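For reference, the structure discussed in these notes is given below.
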Amino acid sequence: MTSRMRRLRWINWPGLLTMGLLAGAWEAAVRWSLLDYQYLPAPAAIAQGARTLLTSGELIPNVLHTLLVTLIGWSLASAIGIALGLLLGLSPTAYRYSMTSFEVTKAIPPITFVPATLLIFGFSLRMELVIVVYVGVWPVLINTIGGVRGVPVELLDVARMLRMSRYHRVRKLIVPAAIPEIIVGLRLTLSLCLVLAVVAEMVGNPAGLGHALVLAQQALQPEKMFAYVLSAGVLGITLNAVFRSAAAWMLPSPTSGRGGGSP
Amino acid sequence: MKANEQPVAEQASAEDRPQPQPRNTFECRNLSVELRSSGGLACICRSIDFEVREGEFVSIMGRSGSGKTTLLRILGGLLSPTPGSTVRYYSEQVDGPPRGVITVFQNYAASLLPWRTVEKNVALGLEGKVSKDEKAERVAEALAMVSLSKRAKDYPWRLSGGMQQRVQLARALAMRPSVLLLDEPFGALDAMTKTTLQDELLHVYEQTGATVVFVTHDVDEALYLSDRVLILQGDPSTIGESVAVQCSRPRDQIETKQSEGFLTLRRKVYEAIMQGHD
Ligand SMILES: Nc1ncnc2c1ncn2[C@@H]1O[C@H](COP(=O)(O)OP(=O)(O)OP(=O)(O)O)[C@@H](O)[C@H]1O
Ligand SMILES: [Mg+2]
């Protein structure tokens, strides 16, 4: 009972109220023709569109495709980002040799690679994955390097004082100390992967939410189109929430919810 | 490098130590330290000479910023002095933490691993070095010594400052060190706990014959524990006074602190510290 109460308190009621009011205002504005565009539906119409998509069985396969690509891309990006980040964070030589290339590549907005990727890989799943992974690698990579290089000197002194071997130092001290920052990178990457999956589906791979969204637009079905937009949002929120609670469950820390610290 | 291979000093009790004239555990000659500060290199201490004999309990006192922590870091091989200085651990030049020398750091909150429980923190230095059973035994023993057995499974950031400091002490004791470098280990404790841990430390010291270098701001504590109290004075600091404490061991919180000799020394140390102030 208490846990239920706590969950009820945990929900941000004022925040939900604001959202409800905004949706209400939108609905009213469209009904009373304050917002009078041919292809701007009211929330109620969008909800109707979502219901149609659900019952016709169009929504779920599209959501699943995008979800799958996001998760696969995210896993690959995380693995590559963490591995490269550890290498660059731990080896000053590797860091010195590669940092210039990385800074330059990082400075190029990743979205500009989309046409090139399309040209190289064609309209395919591979093209979608390449985009998602390429973009997703960056936050994990940068945060892993930052985490590894930012281990507090006090802890490094402890490792030296205890004469820990290099292997133990990395495994028992540097990597665990870097984990909170790596997790932030993983979370940023997860949202990015979803965004890029949808983008890739809109311009390249003809599948998933992004493609369905464009089709609805071309078919002049704004209710369906906005219903897909909404689904992408719900997918993003869900992924983020699942990730957050998984991270908090695995890592009790002074800053996570289980830390018991005051605000 | 060689200093690291120095075998651990035999942990024999005071009576059956082989040489009548103890060797020097640490020997510092012409020791100067310069550290980077906002105005370029700042000289922290200049031409310090002192030694710590094997099995000796030496306290270092001096006002805040006089370089006590710096000195301890030099002895622990965590900081290099300026060229021309000599720091020896037994017969070898120190250029890295020597084996068997364990430090308890002043900054206790930053010196524990927040993702490890108390017992795992205490076990850190033993992992991969002793068997699982021995590790568990030593950890339990060390935690019992600092009265933290009940908090073994807690995370250090759920403990009070004094408790965290005791975890660090337990981590040091679990290593069964031949040299302990303690930087204000009881600074965050109440008078009662402090007294208990002082006696616990003296017990360990007398049992193992370890060499101890102890930094404190508490004159009574320094005198009660030590064979010798070094007082840092001046800026850059040097050793202004070296006070030998000849009170007999084992010591007693009431008897020793009331004795004539203790009170005389107390006065002497206070005078030396006051002198350091102007
Ligand atoms: N990492 C560092 N880099 C540069 N200067 C430092 C560093 N650590 C300490 N110092 C300087 O060295 C001097 C001595 O510092 P130290 O920490 O040894 O003092 P202390 O005697 O231990 O003081 P306290 O009693 O406050 O702990 C100070 O002037 C300080 O500013
Ligand atoms: Mg200090």
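Keep in mind that this is a model prediction, so the values were computed, not measured. We name chains A, B, ... by the order of the sequence lines, and we start the count at 1 in each one.
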- Message: What residues of residues 121-136 of chain B make heavy-atom contacts with chain A at a cutoff under 4.5 angstrom?
- Response: B/L124, B/G125, B/E127, B/G128, B/K129
- Item | A/M19, CE: over 12 other non-hydrogen atoms inside 6.0 angstrom | no
- Query: Given the options B/N107, B/L112, B/I102, B/L181, which has more heavy-atom pairs under 4.5 Å with chain A than any of the others?
  - Reply: B/I102
- Hey, does the side chain of A/R160 reach the backbone of B/G96 with a donor-acceptor pair shorter than 3.5 angstrom? no
- Would you list the pairs meeting side chain to side chain donor-acceptor pair (under 3.5 Å) in which at least one residue belongs to residues 68-81 of chain B, sequence neighbours left out? A/D157-B/R73, B/T69-B/Q106, B/T69-B/D183
- Query: Got a sec, which residues hit salt bridge (Lys or Arg N to Asp or Glu O under 4.0 Å) with B/E184, two or more places apart in sequence or on another chain?
  - Reply: none
- Task: Under 4.5 Å heavy-atom distance to chain B, tell me which part of A/L173 shows up: side chain, backbone, both or neither.
- Result: both
- Note on the structure: If one checks every heavy atom of A/P152 against chain B at 4.5 Å, the contacting part turns out to be neither
- Message: At a 4.5 Å cut-off on heavy atoms, which part of A/A177 comes close to chain B: side chain, backbone, both, or neither?
- Response: both
- So, for A/K172 and B/W115, which heavy atoms are closest and what is the spacing to 0.1 Å? O-CZ2, 3.5 Å
List the atom pairs, donor and acceptor, that lie under 3.5 Å between side-chain atoms in residues 106-114 of chain A and the rest of the protein, sequence neighbours left out.
from   : atom 1 : to     : atom 2 : distance (Å)
A/K106 : NZ     : A/E103 : OE1    : 3.4
A/T112 : OG1    : A/P109 : O      : 2.5

